[in-house]
Amino acid sequence: MSHGKASAPAKVILFGEHFVVYGSPAILAAINKRISVDARAIIHDENKIVIRSDIGVAGEYNNNSGEFNALKGGSKAKLVLDPLYSAIRQVLLMRNKKKNNNNVGIEVSISSRVPPGIGLGSSAASCVATVAAVDSLFQENPSRQKVCELAMESERLIHKRTSGADCYVSTFGGLMQYYGKSKSFKNIETKGQSLCLVVANTGVNHSTSDLVAGVKKFRDRNRILFKTLLKYASEICLQACTAIESGKCDKIGELMNENQIILQQLGISHDKVRDIIDICSKAGAIGAKITGAGGGGAVIALAASKQESTKIASHIKAAGYQSFEVEIDYNGLYV
Ligand code: PMV
C-alpha cells in the first residue's frame, strides 16, 4: 500500500495530574478533538523521512545519519518533530526486521484540531496516529497495544517521566482510571450518562517537563506537606471514580474544585487559570480546574447540562479566551 491514514483523540485529565507521577491514581478521558496523520511511502529515496504539519512546523530527516533539516518553524521544529521521527523509525525497524522488507522513505502529514502545548495530549495523539498510519503501509494490522507501546516509547523522548497514560487513553479512547503505582488502567463506566465538559485555553503554553521538575522541587522542600497533599489527591481521585460511575455530577464538580485547591498549593496555577475558573464558576460551572501540567495551559469545567456548557463556553470566549465544549471519545485510534 502506498498510502495510510490514522487518527487519534486528544485527552483531558479530570483528576490526579502531577500526583500520578508519585504513584497516586489519575482519571483521564479521550475527547472528540483529533489529530489525523496521512502517510505515504517514498519509493525512490529510502533514507528520507519527511514530516509536514498544519501546526507551524515541518522538516526532513536523513534516516541513515539522523541529520535534520527544518522546512518550517526553525529551531522549534526539531523539538516538536523528533518524537514523530522516532515513532516512524520504530515502525520501520519493526517491519523491516520482521519481513525483511526493502527500506522505504516515508512522508507524513499531520493535521491537528488540538491546540498544542496546553496539556491536551497533542503530542501523544500525534505519536499514536503516526505509528498507526505508517504501520498501515505494511498491511499488517498491528494490535492497538503494540501501537500504544511504540507511541509511549517515542513520547518518552520529550517527557522522560511520562506515565504513558496519554498514549493509552488516546489509543483506546474512553474514560479511565490510571494507577500510578502499578502502571495499570481500568475503564470507568458512566452508565450512559455523559459529562458536559468545557475546555478553556489560557493561551499560555507550558513545558510539562519543567512543571514536573518544579513539583519535584516543591516536594523536596516540603516533604510532610507533599505527603499530605498526595494522600488527599488519591482520596479525591477514588471518590471521583465512584461519583462518575454513579453519575453524581454535583459530587464530581465538588471534587474538581477540591483538586484545584491542592494543585494551587503545588504552585502550578497561573493568574489566567484563576481568572478562567472565576468566569466558569460565575457562569454556573459545577466544578473547574487545571487539566494537565498547569503553569497556564488549559482549564476544564464541568456543567450540569449541554445548555449550561454552551453558556459557560460563551462566557469564557467573551473574556477573550479560546474555549470549546468537548465530549468523551469512546473510539480511540482509527486506522
Ligand atoms: O502533558 P500534560 O500537560 O498533559 O501533563 C501531564 C500530566 C502530569 O501528571 C503533569 C505528568 C504525567 O506524566 O503524568
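Both counts, for ligands and for their atoms, begin at 1 and track the order of listing.
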Subject >> Test item: E17 side-chain N/O and G292 main-chain N/O as donor-acceptor pair under 3.5 Å >> reply: yes
Original post:
Quick check: does any side chain N or O of T171 sit under 3.5 Å from a backbone N or O of C167, one acting as donor and the other as acceptor?
Top reply: yes
Subject >> Proximal ligand 1 atoms for H206, defined as those under 4.0 Å from one of its heavy atoms >> reply: 3 (O)
Subject >> Side-chain donor/acceptor of H18 to backbone N/O of A293, under 3.5 Å >> reply: yes
Subject >> Option with minimal heavy-atom separation from atom 3 (O) of ligand 1, where the choices are A10, A293, G297 >> reply: A293
Subject >> Enclosure of R223 CZ (heavy-atom neighbours >12, cutoff 6.0 Å) >> reply: yes
Original post:
Which atoms of ligand 1 sit under 4.0 Å from any heavy atom of I13?
Top reply: 7 (C)
Subject >> Side-chain (K289) to main-chain (L14) donor-acceptor, under 3.5 angstrom >> reply: yes
**OP:** May I ask you to decide if S194's main-chain N or O and T190's side chain share a donor-acceptor pair within less than 3.5 Å?
**Re:** no
Original post:
Atoms of ligand 1 less than 4.0 Å from V20 heavy atoms?
Top reply: 9 (O), 14 (O)
Original post:
ligand 1 versus T291, non-hydrogen atoms closer than 4.0 Å: side chain, backbone, both, neither?
Top reply: neither
Subject >> Proximal ligand 1 atoms for K11, defined as those under 4.0 Å from one of its heavy atoms >> reply: 4 (O)
**OP:** Just jot down the ligand 1 atoms closer than 4.0 angstrom to any heavy atom of E17, in number order.
**Re:** 9 (O)
